[in-house]
Amino acid sequence: MRLRATVAAVSGALALSALVVPAAQAADGGSAHRTDLAKVLVQHAASGRAGVAAAPAEGDLDVTFSNFKIAKAIKVGTTNQVSVKVRYTLTHGADVKIDSDNFFSVPLIYHGSSTTPDNAAGGDEPGICVATSATTADCKGTIVLNPRETDRDMRLRNTQAGTWHGAGIAIDMDSEKEIVQVDGLGTTLVQRNSTLTVNAAPEPVKKGKTLTVTGKLSRANWEDHKYHGYTGQSVKLQFRKKGSSAYTTLKTVKSDSTGALKTTVKATADGYYRFSFAGTTTTPAVSAAGDFVDVK
């Protein structure tokens with residue numbers, strides 16, 4: 001089955017109506033479903049009807065979501081789509097038949113506030129739930145983020161890196177009831193993937209002589225699908241002596257206007273030099289592979 005969601009405003013908050021179409025009759029696949037879901041959320045915000053803060057859950061179906069578990073951070077580059085597992089708990093009324101073919105629950109994440117979201121992401125299929133009691137179930141689903149989204153309105157934008165919020169949608173086609181929960185389900189970081197390089201020279205070098213260490217900190221640009229220098233960031237230069245497993249920090253340098261890094265140190269012993277970046281809310285931590293220097 002293909003889930004096509006339509007979100008509308010009810011009492012100034014989010015509510016859900018849904019149309020389920022057999023897969024054989026659907027003209028598009030899972031990626032179109034994800035786009036549909038995100039698009040209607042954005043259209044709802046743009047309609048000007050989202051001025052009242054959304055309730056934790058809105059709708060007429062006796063279902064609530066809780067224990068929404070997703071990775072703390074999701075790294076998205078410039079080419080490949082990223083799939084992330086989600087687990088959550090459904091609590092429902094005794095009259096809600098979650099094992100029915102006409103019942104669906106859908107986890108998703110969105111960027112912005114619950115009343116003015118500017119993007120959202122879900123999965124290709126509804127969640128899978130297993131009853132743990134007469135009124136509770138453990139569920140799992142998937143969130144998919146695609147940096148090459150073909151719908152221009154739903155493409156990831158650089159300004160959307162950072163905090164995204166969890167949400168849940170449940171639909172019972174038999175009773176024609178639905179609910180959407182957009183608050184209180186936690187957050188995750190959707191981050192622009194980062195890269196970091198290092199080169200220490202000259203190699204080999206005499207003990208006590210100066211080594212020049214260069215590198216570059218870059219991160220994904222979701223709008224032109226290239227990596228660009230991440231400017232003005234503090235990056236640690238670290239050293240690991242040959243035979244040791246631990247790096248120690250020698251100094252901290254800042255990336256320049258192109259993301260480039262450059263500093264000097266005295267060569268003291270054989271070992272590995274690397275740059276290490278602690279990360280920000282929009283960009284994940286990354287460490288360069290160590291560059292070995294032979295000290296004569």
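Just so you know, these numbers use all the heavy atoms, side chains as well, and skip hydrogens, waters and symmetry mates.
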* **Side chains of Ile109 and His165 in contact at under 4.5 Å (non-hydrogen atoms)** => no
* Asked: Do you know which two heavy atoms are closest between Ala220 and Thr78, and how far apart they sit?
  -> CB-CG2, 3.6 Å
* **Identified side chain to side chain contact (heavy atoms under 4.5 Å, CB included) partner of Ser218 from the options Thr258, Thr195, Asn193** => Thr195
* Asked: Does Phe68 have Arg87 sitting over its ring (NZ/CZ under 6.0 Å from centre, angle to axis within 45°)?
  -> no
* Asked: With a 4.5 Å limit on heavy-atom distance, are the side chains of Arg148 and His225 in contact?
  -> yes
* Asked: Taking atom types as modelled and ignoring hydrogens, do the side chains of Ser105 and Tyr88 form a donor-acceptor contact shorter than 3.5 angstrom?
  -> yes
* Starting from the C-alpha separation in whole Å, work towards a yes-or-no answer on side-chain contact (heavy atoms from CB on, under 4.5 Å) for Asn158 and Asn221. => CA-CA 6 Å; Asn158 293 330; Asn221 184 312; 3.1 Å; yes
* **Minimum side-chain heavy-atom gap Thr91-Phe65 below 4.5 Å** => no
* Measure the OG-CG distance between Ser175 and Asn102 for me, rounded to the nearest 0.5 Å. => 10.0 Å
* **Plane angle bin for Trp164 and His111 - parallel if under 30°, tilted between 30 and 60°, otherwise perpendicular** => tilted
* Output the distance between atom CG (Asn146) and atom CG (Asp151), rounded to the nearest 0.5 Å. => 11.5 Å
* Gln233 and Ser255: side-chain donor and acceptor closer than 3.5 Å? -> no
* **Candidate pair Lys242 and Phe292, rule side-chain contact (heavy atoms from CB on, under 4.5 Å), full reasoning** => CA-CA 9 Å; Lys242 182 179 179 181; Phe292 180 76; 4.3 Å; yes
* Leu211 and its side chain to side chain contact (heavy atoms under 4.5 Å, CB included) partner, picked from Thr263, Thr264, Val265 -> Val265
* **Same apolar cluster: Tyr227 and Leu217, side chain cutoff 4.5 Å** => no
* Any residue meeting salt bridge (charged side-chain N to carboxylate O under 4.0 Å, His left out) with Lys296, in chain and number order, not counting sequence neighbours -> Asp294
* Asked: Is it true that a side-chain atom of Arg155 and a backbone atom of Glu149 form a donor plus acceptor pair closer than 3.5 Å?
  -> yes
* **Donor on one side chain, acceptor on other, Thr280 and Tyr230, under 3.5 Å** => yes
* **Test item: Leu145 and Ile74 side chains (from C-beta on) under 4.5 Å apart, heavy atoms** => yes
* **Minimum heavy-atom distance between Ala137 and Thr132, given as atom pair plus value** => N-OG1, 3.7 Å
* Asked: Under 3.5 Å, is there a donor-acceptor pair linking the side chains of Lys72 and Thr188?
  -> no
* With a 4.5 Å heavy-atom cut-off, do Val190 and Val76 have their side chains touching? -> yes
* Step-by-step side-chain contact (heavy atoms from CB on, under 4.5 Å) determination, Ser234 to Phe277 -> CA-CA 7 Å; Ser234 295; Phe277 174 59; over 6 Å; no
* Asked: So which heavy atom on Glu176 is nearest to which on Asp60, and how close?
  -> O-OD2, 4.5 Å
* Find out whether Tyr247 and Arg274 are in side-chain contact, i.e. whether some heavy atom of one side chain is under 4.5 Å from a heavy atom of the other. => yes
* What's the spacing between Ile179 CD1 and Ile169 CD1 if we round to 0.5 Å? -> 11.0 Å
* **Nearest heavy atoms of Val235 and Phe275, plus distance in Å** => CG1-CB, 3.7 Å
* Where do Val295 and Ala267 come nearest, in terms of heavy atoms and distance? -> CG2-CB, 4.0 Å
* Residue list, side-chain contact (heavy atoms from CB on, under 4.5 Å) with Ala285, at least two apart or on another chain -> none
* **Heavy-atom closest contact (Pro107 atom, Gly127 atom, distance)** => CD-N, 4.3 Å
* Asked: Is it the case that Ser100 and Asp174 place a side-chain donor and acceptor less than 3.5 Å from each other?
  -> yes
* Enclosure of Glu203 CD (heavy-atom neighbours >12, cutoff 6.0 Å) -> yes
* Below 4.5 Å, heavy atoms only, C-beta onward: do Ile171 and Lys177 meet side chain to side chain? -> no
* Using only heavy-atom distances, determine whether the side chains of Thr283 and Arg192 contain a donor-acceptor pair under 3.5 Å. => no
* **Minimum side-chain heavy-atom gap Leu237-Thr249 below 4.5 Å** => no
